[in-house]
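Below is one structure; the comments refer to it alone.
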Amino acid sequence: MADGSHSSSDSHPLSDAASPAPLSPFHLAVQVNDLAEARKFYGELLGCSEGRSASTWVDFNFFGHQFVCHLNPDKTPGGIHCNEVDGHGVPVPHFGIVLDMQRWSALADRLKSKGVEFVIAPYIRFQGEPGEQGTMFFYDPSGNAIEMKGFNDISALFAK
């Protein structure tokens with residue numbers, strides 16, 4: 001529209017699905033109650049390399065995205081709501097990453113071998129439907145919910 005407004009049929013200029021741009025790194029900051037535990041969990045267990053840090057925060061490369069753990073010694077796990085999805089209580093809020101199925105399966109095997117306690121154990125959701133995906137949910141030591149997804153066909157990420 002000439003006045004700069006957009007009708008509901010207009011796509012947003014920064015998220016035009018018709019011509020997707022390469023993904024930009026996402027930035028996410030969460031609270032943790034112990035930075036040493038966060039370093040062990042995200043760095044050693046998940047394999048995220050560490051970037052900048054200070055006495056109250058640490059930056060991680062979370063699969064190519066900037067993930068920052070900010071220290072809040074008073075943070076306690078809990079207060080997570082669950083929504084029903086595919087017969088499971090999915091913790092909300094949560095964050096994670098979408099991987100190809102081979103990397104997702106390898107990560108699931110690694111987490112199982114390290115004794116990670118799953119909220120939702122690795123399984124294939126929406127089998128045979130658009131958007132079929134591997135999924136698993138678990139918590140970090142500070143109670144932040146994490147979902148890891150795997151797709152055989154990443155182009156099906158937003159399939160209906």
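Count residues from 1 along the sequence.
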Scan the side chains in residues 153-160 for donor-acceptor partners under 3.5 Å anywhere in the protein, sequence neighbours excluded, and list what turns up.
residue, atom, partner, partner atom, Å
D153, OD1, S155, N, 3.1
D153, OD1, S155, OG, 2.5
D153, OD2, S155, OG, 3.1

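Pairing each heavy atom of F63 with each of C48, the nearest pair is CE1-SG, 4.5 Å. The shortest heavy-atom contact between P77 and P141 is CG-O, 4.3 Å. A pairwise comparison of heavy atoms in R110 and L45 identifies NE-O, 2.9 Å as the closest pair. Residues I80 and P91 come closest through the heavy atom pair CG2-CB, 3.4 Å.
D100 pairs by the side-chain hydrogen bond (donor to acceptor under 3.5 Å, both in side chains) definition with nothing, not counting sequence neighbours.
Between the side chains of N72 and H70, no donor N or O sits under 3.5 Å from an acceptor N or O. A side-chain donor-acceptor contact under 3.5 Å links K149 and Q133. Under the 3.5 Å distance criterion, with hydrogens and angles disregarded, no donor-acceptor pair is assigned to the side chains of S142 and E37. A side-chain donor-acceptor contact under 3.5 Å links H27 and Q66.
Within 6.0 Å of CD on E84 lie more than 12 heavy atoms contributed by other residues, nucleotides or ligands.
A distance of 8.0 Å separates CZ in R103 from CD1 in I97, rounded to the nearest 0.5 Å. In this structure, CG in L71 is found 4.5 Å from CG in L35, a value given to the nearest 0.5 Å. Here the CG-NZ distance, from L107 to K112, works out to 10.5 Å after rounding to the nearest 0.5 Å. In this structure, CG on L99 lies 10.5 Å from CZ on F151, to the nearest 0.5 angstrom.
Ring pair F95/F62: centre-to-centre distance below 6.0 Å. In summary, the aromatic rings of H88 and F137 are positioned with their centroids too far apart to meet the 6.0 Å limit.
Taking 4.5 Å as the limit, some side-chain heavy atom of F60 sits within range of a side-chain heavy atom of C69. In this structure, M136 and W104 have side chains that are in contact, with non-hydrogen atoms separated by less than 4.5 Å. Between D86 and F126 there is a side-chain heavy-atom pair separated by less than 4.5 Å. No side-chain heavy atom of H81 sits under 4.5 Å from any side-chain heavy atom of P93. Under the 4.5 Å side-chain criterion, counting only non-hydrogen atoms from C-beta, E50 is not in contact with Y42.
Listed for the N33 side chain is a donor-acceptor partner under 3.5 Å among the backbone atoms of K75. Using a distance-only test at 3.5 Å, with no hydrogens or angles considered, no donor-acceptor pair links the side chain of N144 to the main chain of H94.
Transitive grouping of hydrophobic side chains (ILVMFWY, heavy atoms separated by less than 4.5 Å) keeps V92 and F138 in distinct clusters. In this structure, V30 is a member of the same hydrophobic cluster as F41, with clusters built from ILVMFWY side-chain heavy atoms closer than 4.5 Å. Linking Ile, Leu, Val, Met, Phe, Trp and Tyr residues whenever their side-chain heavy atoms come within less than 4.5 Å leaves M148 and V119 in two separate clusters. The hydrophobic clustering, which links ILVMFWY residues whose side-chain heavy atoms are closer than 4.5 Å, places W57 and L28 apart. Grouping the Ile, Leu, Val, Met, Phe, Trp and Tyr side chains by contacts below 4.5 angstrom, directly or via other members, places F118 apart from Y139.
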Worksheet entry | Worked check of side-chain contact (heavy atoms from CB on, under 4.5 Å) between V90 and R125 | CA-CA 12 Å; V90 170; R125 172 189 288 166; 3.9 Å; yes

Worksheet item: When you look at Y123 and T135, which way does the side-chain contact (heavy atoms from CB on, under 4.5 Å) test go after all the steps?
Response: CA-CA 6 Å; Y123 81 104; T135 187; 3.5 Å; yes

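Among pairs with a residue in residues 126-142, none fulfils salt bridge (charged side-chain N to carboxylate O under 4.0 Å, His left out), at least two apart in sequence or across chains.
Taking the six-membered ring where the residue is Trp, H65 and F26 present perpendicular rings, their angle passing 60° and hence far from 30°.
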